[in-house]
Amino acid sequence: MKKNLFIAFEGIDGSGKSTQVKLLSDSLEKAGHKIYTTFEPTDSPIGKMIRDIFNHRLEADHRTIAGLFVADRLDHLLNKSNGILKKMEEGYTVITDRYYFSSYAYHGAHMPLDWVIEANSLSADLLRPDINIFIDISPEISLKRISDSRISMELFETLDNLRQVKDKYYEAIEKLKDQERVFITDGNRPPEAIFGDIWNEISSMII
Ligand code: ADP
Ligand code: TYD
């Protein structure tokens, strides 16, 4: 068995990340791996502030939000009690629902992508995912899933915005293709079909 992995799931809202994180962690656990699942925005005070902004309890400029995500991510990595780096050292395979590609895609839609990449470079230097799994769904399906499953829509959830975010994901993936391993899977299919692809890819990394 190879070293424990750091796996990041990416995709626009409602792309099925949480669903696939659960399927993957269950399967890896069954195969005998120690698994720690986590997500961004985190549950830290910084992550809570971000959620308050998304829920309109607080007001902030999108540049401030981008900065808060940078800080939230560093805390996600470095936190002494349950930070990702600590979990990796303890031998866990860590699966995160969103990491810095989310910043590239969501904030790159409002400000220069290079700035967002540079602002997240400390995190990238600390820990690069062994694999980023990008679940690609159409913005129309995303919006339908979100409106079926939620009472209120978040800040980014309009069709135009989802299209822009998806485009930025692809721009960032292309730009970073020499540094980042990205596995793209078609998310417009049943969960089991998507998971089949993901499992093939991950299996090849752990055997
Ligand atoms: P995310 O974490 O990316 O927001 P979720 O996994 O929470 O996405 O899925 C969003 C909604 O879509 C949920 O109601 C979920 O049950 C449903 N869903 C997830 N994957 C699929 C799929 N492949 N096909 C149809 N519906 C899905
Ligand atoms: P999340 O709770 O994962 O929402 P969803 O389940 O719909 O994917 O993320 C909340 C929002 O935060 C989501 O719209 C994407 C956004 N986001 C950013 O804008 N920048 C970031 O760096 C991250 C990690 C998330």
Side-chain angles (χ1 to χ4, degrees), residues 8-26 37-44 46-56 58 60-77 84 95-111 113 115-124 129 132-166 168-169 172 185-199:
F9 274 85
E10 295 288 353
I12 60 177
D13 300 76
S15 53
K17 295 183 300 326
S18 334
T19 305
Q20 297 299 327
V21 166
K22 176 89 179 69
L23 289 169
L24 182 59
S25 64
D26 287 353
T37 61
T38 182
F39 52 86
E40 295 183 3
T42 69
D43 272 341
S44 77
I46 307 164
K48 289 197 181 105
M49 192 180 286
I50 293 170
R51 287 181 201 284
D52 280 345
I53 295 167
F54 284 165
N55 294 327
H56 308 286
L58 291 174
D61 186 86
H62 60 80
R63 287 160 288 195
T64 313
I65 300 175
L68 286 172
F69 270 109
V70 170
D72 189 41
R73 185 159 299 124
L74 285 168
D75 185 63
H76 199 194
L77 286 166
I84 294 174
I95 307 176
T96 184
D97 185 337
R98 299 195 179 282
Y99 195 51
Y100 47 60
F101 265 101
S102 287
S103 279
Y104 305 161
Y106 284 82
H107 311 299
H110 301 282
M111 60 189 97
L113 177 57
W115 182 88
V116 188
I117 292 174
E118 187 54 35
N120 281 281
S121 60
L122 274 180
S123 293
N132 299 277
I133 299 174
F134 176 57
I135 306 176
D136 187 12
I137 64 164
S138 80
E140 287 78 9
I141 291 185
S142 155
L143 207 59
K144 167 123 198 5
R145 284 196 201 157
I146 297 165
S147 48
D148 285 351
S149 66
R150 281 200 211 142
I151 303 156
S152 71
M153 310 284 270
E154 287 180 7
L155 218 56
F156 294 111
E157 293 166 351
T158 66
L159 200 52
D160 260 4
N161 219 311
L162 291 165
R163 284 193 185 119
Q164 259 188 323
V165 171
K166 176 170 162 155
K168 280 289 158 188
Y169 262 119
T185 179
D186 176 3
N188 306 303
R189 298 176 295 157
E192 304 72 32
I194 302 166
F195 184 63
D197 287 358
I198 293 173
W199 186 244

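All values below come from the heavy atoms of this structure, side chains included, with hydrogens, waters and symmetry mates left out. These numbers were taken from a predicted model, which means no experiment stands behind them. First listed ligand is number 1; within each ligand, the first listed atom is number 1.
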Note to self: Using 30° and 60° as the class boundaries, would you call the ring planes of Tyr106 and Tyr169 parallel, tilted or perpendicular?
What the structure shows: perpendicular
Any N or O on [X] sitting closer than 3.5 Å to an N or O of ligand 2?
X: Arg73; result: yes
X: Ser103; result: yes
X: Asp97; result: no

For [X], atoms of ligand 2 separated by under 4.0 Å from a heavy atom:
X: Glu40; result: 3 (O), 24 (C)
X: Lys17; result: 8 (O)
X: Pro41; result: 9 (O), 10 (C)

Please name the pair of heavy atoms, one in [X] and one in [Y], separated by the smallest distance, quoted to 0.1 Å.
X: Lys17; Y: Ile12; answer: NZ-O, 4.0 Å
X: Tyr100; Y: Glu10; answer: N-OE2, 4.1 Å
X: Asp97; Y: Ser18; answer: OD2-OG, 3.5 Å
X: Ser15; Y: Ile135; answer: O-CG2, 3.2 Å

Margin query: Heavy-atom contact check, 4.0 Å cutoff: does Pro190 meet ligand 1?
Written below: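 Distance cut 4.0 Å: Pro190 passes for ligand 1.
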Note to self: Tell me whether Ile194 has any N or O atom under 3.5 angstrom from an N or O of ligand 1.
What the structure shows: no
Note to self: I want to know if ligand 1 touches Arg145 in the polar sense, i.e. an N/O pair below 3.5 angstrom.
What the structure shows: yes
Note to self: Just to verify, what does Asp26 make a salt bridge (Lys or Arg N to Asp or Glu O under 4.0 Å) with, not counting sequence neighbours?
What the structure shows: Lys22
Checklist line | Residues that Asp43 engages under salt bridge (Lys or Arg N to Asp or Glu O under 4.0 Å), provided they are two or more places apart | finding: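 Checked Asp43 against salt bridge (Lys or Arg N to Asp or Glu O under 4.0 Å); zero matches.
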Do [X] side-chain atoms and [Y] backbone N/O form a donor-acceptor pair below 3.5 Å?
X: Asp72; Y: Thr42; answer: yes
X: Asp13; Y: Leu162; answer: no
X: Arg51; Y: Pro41; answer: yes

Notebook entry, point to check: Going by heavy atoms, is Phe54 under 4.0 Å from ligand 2?
Noted result: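 Checking ligand 2 against Phe54, which is what was asked, there is a heavy-atom contact under 4.0 Å.
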Check: What atoms in ligand 1 come closer than 4.0 Å to a heavy atom of Gly16?
Finding: 1 (P), 3 (O), 5 (P), 6 (O), 8 (O), 9 (O), 19 (C), 20 (N)
Check: Short list, please: which atoms of ligand 1 are under 4.0 Å from a heavy atom of Lys17?
Finding: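 In order of numbering, the contacting atoms are 1 (P), 2 (O), 3 (O), 4 (O), 6 (O), 8 (O).
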Note to self: As an exercise, state the distance from OG of Ser102 to CD of Glu40, rounded to the nearest 0.5 Å.
What the structure shows: 7.0 Å
Notebook entry, point to check: Between His107, His62, Arg51, His110, which one has a non-hydrogen atom sitting closest to atom 2 (O) of ligand 2?
Noted result: Arg51
Check: Given Val70, Thr42, Asp13, which one has a non-hydrogen atom that is nearest to atom 4 (O) of ligand 2?
Finding: Asp13
Note to self: For Ile146, which part has a heavy atom under 4.0 Å from ligand 1: side chain, backbone, both, or neither?
What the structure shows: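 It is neither part, as no heavy atom is under 4.0 Å.
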Checklist line | ligand 1 contact on Arg189 by region, counting heavy-atom pairs under 4.0 Å | finding: backbone
Margin query: Tell me the contacting part of Tyr100 for ligand 2: side chain, backbone, both, or neither, using a 4.0 Å heavy-atom threshold, strictly below.
Written below: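 Neither part.
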